[in-house]
2 protein chains.
Amino acid sequence: MSLPHAILTALLEKPSSGLELTRRFDKSIGYFWSATHQQIYRELGKLEADGLIRALPAEQPARGQKKSYEVLPAGRDELARWTAAAQDPRPMRDPLPLRLRAAAVVGTTGLEADLRRHLELHERQLAEYREIEKRDFPPGKDGAEDRLRHLVLRAGIDLETFWTQWLRHALAEFADLPGRGPA
Amino acid sequence: MSLPHAILTALLEKPSSGLELTRRFDKSIGYFWSATHQQIYRELGKLEADGLIRALPAEQPARGQKKSYEVLPAGRDELARWTAAAQDPRPMRDPLPLRLRAAAVVGTTGLEADLRRHLELHERQLAEYREIEKRDFPPGKDGAEDRLRHLVLRAGIDLETFWTQWLRHALAEFADLPGRGPA
DNA sequence: CTAGACATGTAACGAGTTACATGATTCA
DNA sequence: TGAATCATGTAACTCGTTACATGTCTAG
């Protein structure tokens with residue numbers, strides 16, 4: 001139950017059409033919650049049916065016509081409720097540790113190359129986040145909203161830092177593993 | 001496409017029945033890939049139909065009867081293939097940063113308490129992992145398989161460390177946020 | 001002989017993914 | 001006028017979750 005609330009947040013920040021939302025989910029929001037345009041359109045339909053958002057008046061009924069939405073009071077209330085509600089942390093769910101564990105049984109052949117690739121990707125992502133941090137959160141900016149959004153970016157930076165360190169550690173271990181075939 | 005491979009790995013480590021697998025997914029494997037018994041039974045059925053595993057001969061056709069599976073050569077091959085295949089890293093997908101971003105718009109009321117709860121849960125999980133590390137990976141043990149499994153546990157420890165640090169940071173920021181209502 | 005634990009399974013739904021379909025606008 | 005792009009949407013499928021159903025075994 002997170003996508004609708006991600007959309008409500010995005011729409012409160014700025015009323016948008018489906019495609020505009022899709023683009024924003026490719027950028028900042030997508031750093032911690034990605035979504036495709038199909039999911040977004042489906043969810044916009046539900047949110048409108050539930051009376052949490054409405055299409056901005058412009059009388060376009062048809063396909064191919066841009067349709068923008070704004071959040072209704074009920075939508076804001078629902079978002080505030082969800083934000084404050086207790087939720088259990090999600091257990092981690094990542095295939096990479098799984099592959100290491102499998103490698104302990106069927107051998108590590110070929111895995112190392114992909115780990116190296118992951119390391120590069122995470123390093124690139126980390127560099128991008130640091131750029132954004134430098135650009136969007138210079139020392140002066142420290143209103144309440146700025147601080148909260150900075151915290152969110154911090155989560156991204158720290159997570160990527162975790163991955164790069166862990167992958168480097170893993171590659172170092174691989175380097176002096178005895179045999180490379182099945183264990 | 002990770003659950004079937006998690007099951008193959010578990011079965012290679014030790015042939016098991018559905019419920020035994022469920023229990024193992026509640027423990028060690030579940031630290032990075034959780035699954036319910038319904039998912040597991042469904043997946044066992046598919047894997048058997050695909051000829052990757054087979055039920056151990058014991059001629060029990062019915063419900064309520066224990067049914068153990070073992071991995072066939074085709075299953076081992078498939079697992080080795082998957083382990084070595086290139087896979088893109090999953091973008092992070094966590095509701096918590098989302099809630100902070102929402103709080104920047106609708107206010108932080110009530111969120112702090114849940115952050116504190118998350119911090120406690122992550123601290124407990126971290127302590128548990130450290131216990132396991134002390135118990136299962138004493139300095140002496142360093143065969144190839146041990147090292148790989150230790151790496152997996154390391155990922156869990158480092159991730160929990162990330163969360164506890166980030167949450168502490170977030171709570172510190174909250175503590176000296178000016179207004180607590182909608183921004 | 002029955003209550004509780006053990007064990008396997010079905011059904012229905014929600015969320016995410018992939019492939020494709022359709023209409024409008026712009027510009028060469 | 002027709003190709004490219006913008007924009008909205010359908011359909012079909014997989015994966016994960018929740019609730020429930022059914023059968024077996026064992027201890028008291």
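Within every chain, numbering begins at 1; the chains are lettered A, B, ... in the order of the sequence lines, protein sequences first and strands thereafter. As the structure is a computational prediction, the values presented were derived from the model and not from experiment.
Listed by residue number, the members of residues 1-26 of chain B with any heavy atom below 4.0 angstrom from DNA chain D are B:Met1, B:Leu3. Taken residue by residue, residues 27-42 of chain B places heavy atoms nearer than 4.0 Å to DNA chain C at B:His37, B:Gln38, B:Tyr41. At a non-hydrogen distance threshold of 4.0 Å, nothing from residues 80-97 of chain B comes into contact with DNA chain D.
In this structure, A:Ala49 has no side chain to side chain contact (heavy atoms under 4.5 Å, CB included) partners at least two apart in sequence or on a different chain. A:Tyr31 is linked by a ring pair (Phe, Tyr, Trp, His ring centres under 6.0 Å) to A:Tyr129, counting only residues two or more places apart in sequence or in another chain. Contacts of A:Arg24 classified as side chain to side chain donor-acceptor pair (under 3.5 Å), with partners at least two apart in sequence or in another chain: A:Glu13, A:Ser16. Checked against side chain to side chain contact (heavy atoms under 4.5 Å, CB included), B:Ala172 has no partners two or more places apart in sequence or in another chain. Looking at residues two or more places apart in sequence or on another chain, you find a salt bridge (charged side-chain N to carboxylate O under 4.0 Å, His left out) between A:Arg54 and A:Glu70. Residues passing the side chain to side chain donor-acceptor pair (under 3.5 Å) test with B:Thr161: none are found, sequence neighbours excluded. Residues passing the side chain to side chain contact (heavy atoms under 4.5 Å, CB included) test with B:Leu119, sequence neighbours excluded: B:Glu123, B:Thr164, B:Leu167, B:Arg168, B:Leu171.
A salt bridge links A:Lys66 to A:Glu20: at least one charged side-chain nitrogen sits closer than 4.0 Å to a carboxylate oxygen.
The distance from atom CD of B:Glu43 to atom P of C:dT8 is 16 Å, rounded to the nearest whole Å. Rounded to whole Å, atom C1' of D:dG9 lies 10 Å from atom OH of A:Tyr69.
Within the structure, the side-chain hydrogen bond (donor to acceptor under 3.5 Å, both in side chains) test picks out the following pairs touching residues 148-158 of chain B (sequence neighbours left out): B:Glu133-B:His150, B:Glu133-B:Arg154, B:Arg154-B:Asp158.
A sub-4.0 Å separation between OP1 or OP2 of D:dC25 and a side-chain N or O of B:Lys66 is absent.
The A:Lys46 side chain lies nearest to C:dA15 when the options are C:dT8, D:dC15, C:dA15.
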Can you list, pair by pair, the side-chain donor-acceptor contacts under 3.5 Å of residues 33-44 of chain B, counting residues two or more places apart and other chains?
from    : atom 1 : to      : atom 2 : distance (Å)
B:Thr36 : OG1    : B:Gln38 : OE1    : 3.4
B:Gln39 : OE1    : B:Thr36 : N      : 3.3

